[in-house]
Number of protein chains: 2
Amino acid sequence: MSRGWEAIRADVLRRIQAREWGPGAAIPTEEALCREFGCARATVGRALRDLAATGVLERRRKAGTRVALQPVRRATLEIPVIRQEVEGRGQTYAYRLLADVMEQPPLPVLLRLRLPAGVALRHLTCLHSAGGQPFVYEDRWLNPAVPGGQQPDFAAHGANEWLVANMPYDAGDIAFSAAGAGADDAAAFGIDPGTPLFIVERTTWTADTAITCVRLAYMPGYRLRMTL
Amino acid sequence: MSRGWEAIRADVLRRIQAREWGPGAAIPTEEALCREFGCARATVGRALRDLAATGVLERRRKAGTRVALQPVRRATLEIPVIRQEVEGRGQTYAYRLLADVMEQPPLPVLLRLRLPAGVALRHLTCLHSAGGQPFVYEDRWLNPAVPGGQQPDFAAHGANEWLVANMPYDAGDIAFSAAGAGADDAAAFGIDPGTPLFIVERTTWTADTAITCVRLAYMPGYRLRMTL
DNA sequence: TACACAAATATGTCTGCACATAATCCCGCC
DNA sequence: GGCGGGATTATGTGCAGACATATTTGTGTA
């Protein structure tokens, strides 16, 4: 065994996987473990905290540390910027703005952004392509009332890239789903309406102000991969 | 400001969002910051380490700490056990085993599990339902050569629940996609073939041994939500 | 000029100690 | 027996100092 808190983490994980400490069972206290490993309590604590963060252990004050009854599989998804995703595949990226108008959004968008009825938002649609083929069709509603004032035109660069570079980010949510291609999607990709598409919907907030609400339709057959 | 390393993390994050420290810029050293905050270096380090873990900062020895040029949005997905997902919605969960046979898997499954041609795997199909309605159609290939010997029958409980409770877990990957319902899917859900479905595919390994490869087809309209 | 090596430096980790905090446990009381 | 409240206890956080490690940077040499 090498050394350090990572070694302790590895050893604890090994014992859990070997069922030495079964699911739901309490493991020794930090004090007992640091006596066993011959290190400071902080070092054991670091290892156990890390295992708790990945869902392997559950810790509670006074109650002690126990093996998670139901090892939650947590996966971290790195949400890609489309340009980088395309270029990471070795394909050439291209971006084309299809429309940029002010209009009243449909009700679902208003609800998601928690805005009153009647307001007009900036409505952008654009197409990201990879190696000449349509890759993602983007349909975005942008709140013009966001701080920072001046909003650029997005003819050259994608709105997302402008946002990540210029807007402080607070919170948001993402949803994945499948949907049949609508008329717009079908036109953008040159496919039949109803073709199953992978859909990503994102809403972004900064301090109670809705920034943007975007729907990304990926090309047919797209797979989003994550590693555990 | 309250106190503790979380307060420091919040303050650093605030300055980044306020563009006090712009993207790509180096921020003061731990030493400088702990002088400013009037705390120990370990405390500042904890805050900065956490921000680095979430992708806001990038840290390198000697080079120092700088604001991530491209703030990677990392989202953590807690992969739900289907039973819990259903019960969490307040619906009654039901599980039904549709088939359980040994057979040779199709080539894509063999490739994903890195198994030689000709081997037979246990092939399970089952249906999870929520509130009496079909919820997920599961198509699973299970390696019978996994250690632990005896494999139970899955008539009563889902294979996934048996696995998480009995198999040590090492690594795996997940992919999300959209696909039109095949004949099996259509029959399971009582829908037309070709209806867009949200598909999750998972492969699980333990120490170079493939355990299982599963395809989950979710009911039409299903949305997988994550929080950033 | 180009390259190898050494000094400088910021982060990474560990120790040992202290106190804070939240549960649980247990004892006494009704 | 049931219940409330304080003692107990394991984890959470903090501090000051030390050494380890990875890079960078500057220097000297071929």
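Sequence lines set the chain letters: A, B, ... in the order given, protein chains first and strands last, and positions in each chain run from 1.
- Whole-Å rounding puts the A:Ile27 CD1 to D:dT11 C1' distance at 12 Å.
- Judged purely by distance below 3.5 Å, without hydrogens or angles, the side chains of B:Arg140 and B:Thr125 never pair a donor atom with an acceptor atom.
- Counting atom types as modelled, B:Arg41 pairs no side-chain N or O with a base atom of D:dG14 as donor and acceptor under 3.5 Å.
- Each of A:Ala63 and A:Cys39 has a nearest nucleotide on DNA chain C; the 5'-most of these lies closest to A:Cys39.
- Spacing between atom CZ of B:Arg60 and atom P of D:dA22 amounts to 13 Å, rounded to whole angstrom units.
- Side-chain proximity of A:Arg59 to the nucleotides D:dG12, D:dC15, D:dT24 is greatest for D:dG12.
- Under the rule for a ring-ring contact (aromatic ring centres under 6.0 Å, His included), the partners of A:Tyr218 that lie at least two apart in sequence or sit in another chain are A:Phe135, A:Tyr222.
- Looking at residues two or more places apart in sequence or on another chain, you find a side-chain hydrogen bond (donor to acceptor under 3.5 Å, both in side chains) between B:Glu201 and A:Arg223.
- Ion pairing of A:Asp50 with A:Arg9 is present here, as a side-chain N (NZ or NE/NH1/NH2) and a carboxylate O approach within less than 4.0 Å.
- Distance A:Arg61 CZ to D:dA7 P: 20 Å, rounded to the nearest Å.
- Side-chain contact between A:Leu33 and A:Glu36 is present, with heavy atoms from C-beta onward closer than 4.5 Å.
- Whole-Å rounding puts the B:Glu31 CD to D:dG17 P distance at 11 Å.
- Nearest-nucleotide assignment on DNA chain C puts the 5′-proximal partner with B:Gly45, out of A:Thr43 and B:Gly45.
- Going from atom NZ of A:Lys62 over to atom P of D:dT11 covers 11 Å, rounded to whole Å.
- B:Glu30 has its CD atom 14 Å from the C1' atom of D:dC15, to the nearest Å.
- Heavy-atom contacts of chain B under 4.0 Å fall on DNA chain C between two terminal nucleotides, which in 5' to 3' order are C:dT9 to C:dT13.
- Here B:Arg46 lies in heavy-atom contact (under 4.0 Å) with sugar-phosphate atoms only.
- Counting to the nearest Å, the P atom of D:dG14 and the CZ atom of B:Phe37 are 13 Å from each other.
- With salt bridges taken as basic N to acidic carboxylate O contacts below 4.0 Å, none links B:Glu30 and B:Arg61.
- When heavy atoms are screened at a 4.0 angstrom cut-off, B:Ala42 is found touching no nucleic acid atom at all.
- Where A:Gly64 and A:Arg49 meet DNA chain D, the nucleotide closest to each residue was compared, and A:Gly64 sits on the side nearer the 5' end.
- Within the 4.5 Å cutoff, the side chain of A:Glu138 has heavy atoms near those of the A:Val214 side chain.
- Taking atom CD of B:Glu6 as the reference point, atom C1' of D:dT13 lies 10 Å away to the nearest angstrom.
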